[in-house]
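Everything on this sheet refers to the single structure shown next.
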Amino acid sequence: MATRDTRREFDEIVGRLTADYPSLTRPVRVLPRRVVRILLAVGGGLLWAGLSVLMVVAGTVGVVITCLIVGAVLAVALTTARRRRPPRSGG
């Protein structure tokens, strides 16, 4: 019950703020999605190239570091994909 009351109060506050300050209702996007994707692709390519060089130069340590970084990137990607996926309907 307290959660509903808190949510109702929050919605009332947000409603009053957006009525008083209409600029708050506009979504603010610093960079277009396409630009962000291009930057991520270029950054990922540079990171991959750097890790490839690291594996050659540092040997086993470089391979271990590369595996750890690739695993971390995969974990972040999977977590982000799960959050964006709509929930399954039970049935």
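- Hydrophobic clustering (side-chain heavy atoms under 4.5 Å, transitive across Ile, Leu, Val, Met, Phe, Trp, Tyr) groups Ile69 together with Val61.
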| task | Take Arg33 and Val36, measure what side chain to side chain contact (heavy atoms under 4.5 Å, CB included) needs, and give me the verdict at the end. | result | CA-CA 5 Å; Arg33 186 172 293 181; Val36 171; 5.6 Å; no

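- Residues Leu40 and Val30 fall within the same hydrophobic cluster, defined by Ile, Leu, Val, Met, Phe, Trp and Tyr side chains chained together at heavy-atom separations under 4.5 Å.
- Arg83 contributes atom CZ, which lies 12.0 Å from atom CG of Leu78 (distance to the nearest 0.5 angstrom).
- Follow the hydrophobic side-chain contacts under 4.5 Å out from Val70 and you never reach Val73; the two are in separate clusters.
- Atoms CG and OG1, on Asp11 and Thr6 in that order, are 11.0 Å from each other to the nearest 0.5 Å.
- The one candidate from Thr60, Ile65, Val64, Val63 that meets the side chain to side chain contact (heavy atoms under 4.5 Å, CB included) condition with Met55 is Val63.
- Cluster annotation: Val42 is not connected to Leu31 through the hydrophobic network of ILVMFWY side chains, with a link wherever side-chain heavy atoms come within less than 4.5 Å.
- Other residues, nucleotides and ligands place more than 12 heavy atoms under 6.0 Å from the CZ atom of Arg8.
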